[in-house]
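Scope of the values below: all heavy atoms of this structure, side chains included, with no hydrogens, waters or symmetry mates.
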Amino acid sequence: MATGDVDAVDFEPEDDDLMDEDAAGDASPQAPVRKLGSAIIGGAKKTKGRGFREEDSDRHSRLASRDFESLGTDGGPGPQRSIEGWIILVTGVHEEAQEDDLHNAFGEFGEIKNLHLNLDRRSGFVKGYALIEYEKFEEAKNAISAMDGAELLTQTINVDWAFSNGPSTGAFKRKNTRSGRTHRSRSPRRRY
């Protein structure tokens, strides 16, 4: 690189190039430099989100005075009706089962209002359970008593109420799915 190609650069600052930082040290009539501090000091603490309002007690009294629609219960344990009907839970469903298979098996106990057979997103197979809704209590009860422990597509299924009010006792008592085993088996030893 030749010395003749380089232009001279002036490093001396001019008056219009000076920044405001020099003004902080001088007693000039410019605006005072603000110091960093908390925005909470000197004022009321501001919070965002739910639960920080002072009128929570007012909200509670407003909600307590309203009459909400609810389902009547006898207060005892047993099955609980959903808003639209009686829902039963079918577990142990074969992974290749179709809605038609469940309709054929459970349709003989009454009209099925709704049937949910959830699929695994990754594999596309059934997750292993289904929710079946009946309009009448007797239909759901008959389906539970007849199909609990039955075989569907070479697999034993368990059928019970999807919603229950309190711990089940008596005729609606849930069965222990791990009966006969009180402890888990030991894990195999690690191979290093």
Side-chain angles (χ1 to χ4, degrees), residues 48-53 55-188:
K48 294 182 180 180
R50 271 189 214 166
F52 293 107
R53 296 182 295 188
E55 58 270 359
D56 276 343
S57 60
D58 296 337
R59 180 176 177 264
H60 180 68
S61 63
R62 281 184 306 175
L63 293 177
S65 66
R66 293 186 182 173
D67 291 328
F68 292 104
E69 183 180 334
S70 64
L71 299 173
T73 60
D74 59 356
Q80 179 72 37
R81 186 182 198 281
S82 74
I83 294 174
E84 296 160 352
W86 296 92
I87 300 178
I88 61 174
L89 175 68
V90 183
T91 57
V93 178
H94 193 273
E95 65 182 9
E96 293 181 359
Q98 300 286 323
E99 285 189 12
D100 293 340
D101 299 328
L102 290 168
H103 258 291
N104 293 338
F106 287 90
E108 64 188 55
F109 303 105
E111 182 184 349
I112 295 175
K113 280 182 60 176
N114 204 349
L115 187 138
H116 281 279
L117 187 63
N118 293 335
L119 303 177
D120 186 7
R121 288 185 187 139
R122 199 170 26 143
S123 66
F125 290 117
V126 174
K127 282 190 172 181
Y129 69 93
L131 295 165
I132 300 174
E133 182 178 352
Y134 289 100
E135 178 68 38
K136 299 178 183 163
F137 173 77
E138 289 299 321
E139 296 172 347
K141 183 179 170 185
N142 292 338
I144 290 172
S145 61
M147 295 300 289
D148 190 27
E151 191 170 301
L152 180 68
L153 296 178
T154 69
Q155 207 161 331
T156 304
I157 58 172
N158 297 312
V159 185
D160 202 358
W161 297 104
F163 303 110
S164 63
N165 190 14
S168 297
T169 58
F172 304 112
K173 184 176 179 182
R174 292 185 185 262
K175 296 173 184 67
N176 184 5
T177 58
R178 304 184 112 207
S179 61
R181 292 191 296 171
T182 57
H183 66 280
R184 294 177 176 245
S185 61
R186 293 185 54 195
S187 298

Among all residues two or more places apart in sequence or in another chain, which pass the side-chain hydrogen bond (donor to acceptor under 3.5 Å, both in side chains) test with [X]?
X    : answer
N114 : none
E135 : K113
T154 : none

Quiz item: Can you list every side chain to side chain donor-acceptor pair (under 3.5 Å) pair that touches residues 91-109, not counting sequence neighbours?
Solution: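 Qualifying pairs, neighbours excluded: none.
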Identify each donor-acceptor pair in which a side-chain atom of residues 123-134 lies under 3.5 Å from a protein atom, sequence neighbours left out, and give them as a table.
unit_1: S123; atom_1: OG; unit_2: D120; atom_2: OD2; d: 3.2
unit_1: S123; atom_1: OG; unit_2: F125; atom_2: N; d: 3.3
unit_1: Y129; atom_1: OH; unit_2: N118; atom_2: ND2; d: 2.7
unit_1: E133; atom_1: OE2; unit_2: G85; atom_2: N; d: 3.3
unit_1: Y134; atom_1: OH; unit_2: F106; atom_2: O; d: 2.6

Looking at [X] and [Y], what are the two nearest heavy atoms and their distance?
X    : Y    : result
F137 : P79  : CE1-CG, 3.6 Å
I157 : L152 : CG2-CB, 4.0 Å
M147 : A105 : CE-CB, 3.9 Å

Quiz item: Could you give the distance from OG1 (T156) to CG (N158), rounded to the nearest 0.5 Å?
Solution: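 Output value for this atom pair is 8.0 Å.
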Quiz prompt | Distance, nearest 0.5 Å, that separates CD of E138 from CH2 of W86 | solution =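 With rounding to 0.5 Å, CD (E138) is 10.0 Å from CH2 (W86).
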Practice problem: Check the surroundings of atom CD in E111: do more than 12 heavy atoms from other residues, nucleotides or ligands lie under 6.0 Å from it? | Solution: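 At most 12 heavy atoms, drawn from other residues, nucleotides or ligands, come within 6.0 Å of this atom.
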Quiz item: For I144, which residues count as a side-chain contact (heavy atoms from CB on, under 4.5 Å) partner, sequence neighbours excluded?
Solution: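 Checked I144 against side-chain contact (heavy atoms from CB on, under 4.5 Å); matches are I88, V159, W161.
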